[in-house]
Amino acid sequence: MIEYGSMDVSHILDSLNEPQRNAVASPASNLLVLAGAGSGKTRVLVHRIAWLLQAEQASPFSILAVTFTNKAAREMRGRIESLLGQSFSGMWVGTFHGLAHRLLRSHWREAGLVQDFQILDSDDQLRLIKRINRSLQIDEDKWPAKQCQWYINGQKDEGLRAANIEHFDDDYSKTMLEIYQAYEQACNRGGMVDFGEILLRAHELWLHNPQILSHYQKRFRHILVDEFQDTNAIQYAWLRVLAGTDNQMMVVGDDDQSIYGWRGARIENIQQFNVDFPEAEILRLEQNYRSTAIILQAANKLIANNQGRLGKTLWTEDGEGETISLYEAFNEQDEARFIVDRLQDWFGAGNRRSDSAVLYRSNAQSRELEDALLRVDMPYRIYGGHRFYERLEIKNALSYLRLLVSRDDDTAVERIINVPTRGIGGRTLELVRSLARSENCSLWQACVKSVNESHLSARAANAVLAFLELIDELDSACKQLQLHEKTEHIIANSGLLQHHEKEGGEKARARIENLEELVTAASNFDDVTIYVENHEQAPSETAAEFEPDSKAFLAAFLDQAALDAGDTQAQESDDAVQLMTLHSAKGLEFELVFMAGMEEGLFPHKMSMNNISGLEEERRLCYVGITRAKKKLYLSHAESRRLHGDVILCRPSRFIREIPDELVDEIRLKTSISHIPSRPDRNSRSLGRRVGGDIEIPETELSLGQRVAHGKFGEGVILNYEGQGPNARVQVNFDAAGSKWLVLSYAKLEVLA
DNA sequence: AAGGCAAATGTTTTT
DNA sequence: CATTTGCCTT
């Protein structure tokens, strides 16, 4: 029995290894834990919190733990509670956005918000930007709304408001800034906050309100952060301020698994932590409990190619395990067929399909795999695509509910004013919009005005009136109803259900099912504690109002729908093969893992392979993929692949070469297919080039798949040709410049080794 | 207001 | 190639 003081803490420390135990029971105020893949990262966090609560007798109210997803937050709270056998409602465990949102709801006034501010998800945000761009008369082709959204979110991730951005004189900067400004104004006018805004406001709340900051600084003595390598600038700044000089901070992360640089994550925050907390204790967790020695060795060797790592080498007490298998497929169909064959063998040997996963770089690759799986009737679960609360029909239903909370919710009005269609066309809507603009009022008010003051044709006025009356009717009918009854009533009486019913077809059936699922979700929404804790300042006052039939309850449901978009699939299907991108595989593990499409241009992706930081992030992604595998790893690549319609030749990914040969076995099919050009053998792969056997271009020294250099376009691969000799035209896919047709006699191509 | 057709577009994703 | 989008017709 391990005692701490007079407390028996063996249940917290017993199951841990030495470094894990050091982290969990560390007396240091600040801790940086560099935790390799599969080294028990979450476990250390969970046990550390348990340690604080029990051994150090910390109050649950003094603990704030941050994760990246709601799922991770739920899991963490659950694990702490099951470890200690009780629940701790005073503890804050959540995502950055969840926690920041909670602060803003409590301190809306100090944060400069209206009390019933609405959350914009990225879809709402994009629609708003489109509307703004239209009113600013911005050329949609030149400045796509998507790009503007990217810009705005990028600035917010860096903690920058429009007013803070120094303006440059080029077209791009000027236009983006103009849009950003207009967007900020629109959000403020409408009482809307997007995801980035939640973080930004929460940070400003600290800066502008010393008394509030000091309250939370005194409260949260223990701050714990998971996936620290994925924090962006504003998130770290927020943490930094909260930590102040006195609070204890434990951050856990793995610089080698940072794969979200493209959306603002900063690995440098790890170094910054060392600067900000120079006395912090640094611990490494390198013992891996997941994979075989061979898999770990492959991962270690691969990631060693990255510069500037903090340095970590995974090891295991387990055996070597099976070698990694490499398959060179003829094309993507062959690849899919190969994978499915192996999956069938695996399942036939008595294994569970759900212990296997196929990982790929981009979602488009799933199609071929799905086809192949469908053909042999093997169940699969595919991650990706629209999450539950992001689906069209769900968002529409939620918009009706939002109007019950506030009629002035323009986002909701825009969405459903004519869904289902009720004769309010583009022209009418435009009139209402401009009225709203000139009167500086909400769309709802503009609708009322336009009807009362007969700005509209009789027909249009009728349609608008019908909309206004419908919402009012729904509202009064819902007044006394419970949340799930409200939801049900809205779906049935808004016309949405009939709308989808008469639509017909497979898609519509799924939509109706989703709407039914929404009612279930509403009746499951009973997490009252979350809301009540939001209002710790005045619990007696608000708790009473917070009944399942209250407006506040509905608003809380809508908030959670916005902040936690739910799962991709309604229910976990039973034993099924898991298909997902490498990004979504982070944090998961499988006995058997396939990494498909290991080809230059696809993985590393061509958009990321031009600069070192992009390439290194791709390599980390590969590292993440490899370390998902517990027992057996297959890598595959195709010689040719159909991409955007035409067939391109592919070279094996450099990442394959970066794994030592002795860890890899190349699989060859027993029955070789005669019309396939002979494959380069293993030697050629090691040399990193394709040789022999390929189709030669007549009367030239070139052949398909050959690597060449061009004076202007740089290096590339020959994809196709027409004609022969000096007059031949060749299609070259340049690494940087893309695919071009060139006449040989003019192009002066240099043949590369 | 709905359906049809041409044009555009095609990394990764959470909140 | 396949899917989504926006524009144009009815």
Side-chain angles (χ1 to χ4, degrees), chain A residues 66-73 94-101 119-126 130 134 140-141 144-146 150 153 156-157 193-200 202 227 230-232 234-235 258-265 332 359-368 371 383-387 389-390 392 418-429 459 463 499 502-503 559-568 580-587 597 601-609 614 617-618 620-622 624-625 641-648 738:
Chain A
V66 195
T67 60
F68 264 80
T69 62
N70 291 292
K71 195 173 152 215
T95 62
F96 278 104
H97 292 86
L99 301 174
H101 170 251
I119 302 169
L120 292 185
D121 70 11
S122 30
D123 182 54
D124 298 331
Q125 185 188 35
L126 187 65
K130 278 187 179 159
R134 236 172 286 139
E140 173 71 31
D141 293 330
K146 266 267 165 56
W150 179 263
N153 291 338
K156 290 194 175 187
D157 282 347
V193 296
D194 60 41
F195 292 132
E197 186 71 25
I198 291 176
L199 301 175
L200 209 45
E227 305 279 17
D230 286 332
T231 50
N232 63 31
I234 188 71
Q235 288 165 339
S258 164
I259 55 175
Y260 289 111
W262 53 274
R263 65 176 206 218
E332 72 278 10
L359 312 181
Y360 35 79
R361 177 64 234 265
S362 67
N363 283 308
Q365 287 170 260
S366 70
R367 167 179 295 280
E368 210 61 58
D371 283 353
Y383 290 70
H386 275 237
R387 317 261 299 288
Y389 288 110
E390 291 167 354
L392 179 95
N418 202 31
V419 176
T421 51
R422 50 177 70 88
I424 303 175
R427 229 169 34 80
T428 311
L429 188 52
R459 205 168 94 180
H499 174 67
K502 78 161 189 264
E503 195 179 19
D559 280 346
Q560 93 116 40
L563 288 172
D564 182 0
D567 267 326
T568 313
M580 68 191 86
T581 63
L582 287 149
H583 282 89
S584 19
K586 192 166 91 156
L602 190 58
F603 190 34
H605 196 276
K606 61 171 177 291
M607 305 298 274
S608 310
M609 58 196 270
E617 184 154 310
E618 296 283 310
R620 292 193 292 268
L621 191 54
C622 187
V624 167
R641 181 178 294 274
R642 185 158 217 132
L643 205 63
H644 308 333
D646 36 32
V647 175
I648 59 162

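Proteins get letters first, then strands, A, B, ... in listed order; numbering begins at 1 in each.
Taken from CG in A:N153 to NZ in A:K156, the straight-line distance is 7.5 Å, to the nearest 0.5 Å. Between the NZ atom of A:K71 and the OG1 atom of A:T67 there is a distance of 11.5 Å, given to the nearest 0.5 Å. A:L621 contributes atom CG, which lies 10.5 Å from atom OG of A:S258 (distance to the nearest 0.5 angstrom).
B:dT13 atom P lies 17 Å from atom CG of A:D564, rounded to whole Å. Whole-Å rounding puts the A:L582 CG to B:dT13 P distance at 10 Å. Rounded to an integer number of Å, the gap from OH of A:Y389 to P of B:dT14 is 16 Å. When rounded to the nearest whole Å, the span between CG of A:D230 and P of B:dT15 equals 12 Å. The nearest whole Å value for the distance from the NZ atom in A:K146 to the P atom in B:dA8 is 17 Å. Here the C1' atom of nucleotide B:dT15 and the CD1 atom of A:I119 are 9 Å apart, to the nearest Å. If you measure from atom CZ of A:R361 to atom P of B:dT12, you get 7 Å, rounded to the nearest angstrom. A:L563 has its CG atom 20 Å from the P atom of B:dT13, to the nearest Å.
Between the side-chain ring of A:H583 and the base of B:dT12, no stacking contact exists by the 5.5 Å and 30° definition.
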Enumerate, atom names and distances included, each donor-acceptor pair closer than 3.5 Å involving a side-chain atom of residues 419-427 of chain A, sequence neighbours excluded.
| unit_1 | atom_1 | unit_2 | atom_2 | d |
| --- | --- | --- | --- | --- |
| A:R422 | NH1 | A:I416 | O | 2.8 |
| A:R422 | NH1 | A:I417 | O | 2.6 |
| A:R422 | NH2 | A:Y400 | OH | 2.9 |

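Nucleotides C:dT4 and B:dT11, compared at atom P, are 14 Å apart to the nearest Å. Between the P atoms of B:dT12 and C:dT5, the separation comes to 15 Å (whole Å).
With B:dA1, B:dT15, B:dT12 as the choices, the nucleotide that has an atom nearest any side-chain atom of A:H97 turns out to be B:dT15. Picking from B:dT14, B:dA2, B:dT11 the nucleotide with the shortest atom distance to the side chain of A:T421 gives B:dA2. Nearest to the side-chain atoms of A:Y260 among the listed nucleotides B:dA2, B:dT12, B:dT13 stands B:dT13.
An OP1 or OP2 oxygen of B:dT15 is reached within less than 4.0 angstrom by a side-chain nitrogen or oxygen of A:R387. Dashed line: the shortest gap from a side-chain N or O of A:N363 to OP1 or OP2 of B:dT11 is not under 4.0 Å. Phosphate proximity of B:dT15 to A:N70: present, with a side-chain N or O under 4.0 Å from OP1 or OP2. Contact between the side-chain N/O atoms of A:S584 and the OP1/OP2 oxygens of B:dT13 is found at a separation under 4.0 Å. Phosphate proximity of B:dG10 to A:S362: absent, as no side-chain N or O sits under 4.0 Å from OP1 or OP2. For the OP1/OP2 pair of B:dT14 and a distance below 4.0 Å, the side-chain nitrogens and oxygens of A:T95 include no atom meeting the criterion.
For A:D230, the side-chain hydrogen bond (donor to acceptor under 3.5 Å, both in side chains) partners are A:K586, not counting sequence neighbours. Remark: A:T428 engages no residue in a side-chain hydrogen bond (donor to acceptor under 3.5 Å, both in side chains) (not counting sequence neighbours). In this structure, A:T95 has no side-chain hydrogen bond (donor to acceptor under 3.5 Å, both in side chains) partners at least two apart in sequence or on a different chain. Legend: residues meeting ring pair (Phe, Tyr, Trp, His ring centres under 6.0 Å) with A:Y389, ordered by chain and number and at least two apart, are absent.
Positionally, the nearest nucleotide of DNA chain B for A:S608 lies more toward the 5' end than for the other of A:S608 and A:T69. When the nearest nucleotides of DNA chain B are assigned to A:H499 and A:W262 by heavy-atom distance, the more 5′-ward of the two goes with A:H499.
Counting distance only, with no hydrogens placed and no angle test, the side-chain atoms of A:S122 and the base atoms of B:dT15 include a donor-acceptor pair under 3.5 Å.
Here A:Q365 lies out of heavy-atom contact (under 4.0 Å) with every strand. Counting non-hydrogen atoms under 4.0 angstrom, A:G423 reaches the backbone sugars and phosphates but no base. Looking at heavy-atom distances under 4.0 Å, A:E618 makes contact with a base. If you check every strand for non-hydrogen atoms under 4.0 Å, A:I424 touches sugar and phosphate atoms only.
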B/S/- along nucleotides 1-10 of chain C (protein heavy atoms under 4.0 Å) is BSS-------
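Relative orientation of the A:H583 and A:Y260 rings is tilted, given thresholds of 30° and 60° on the angle between their planes.
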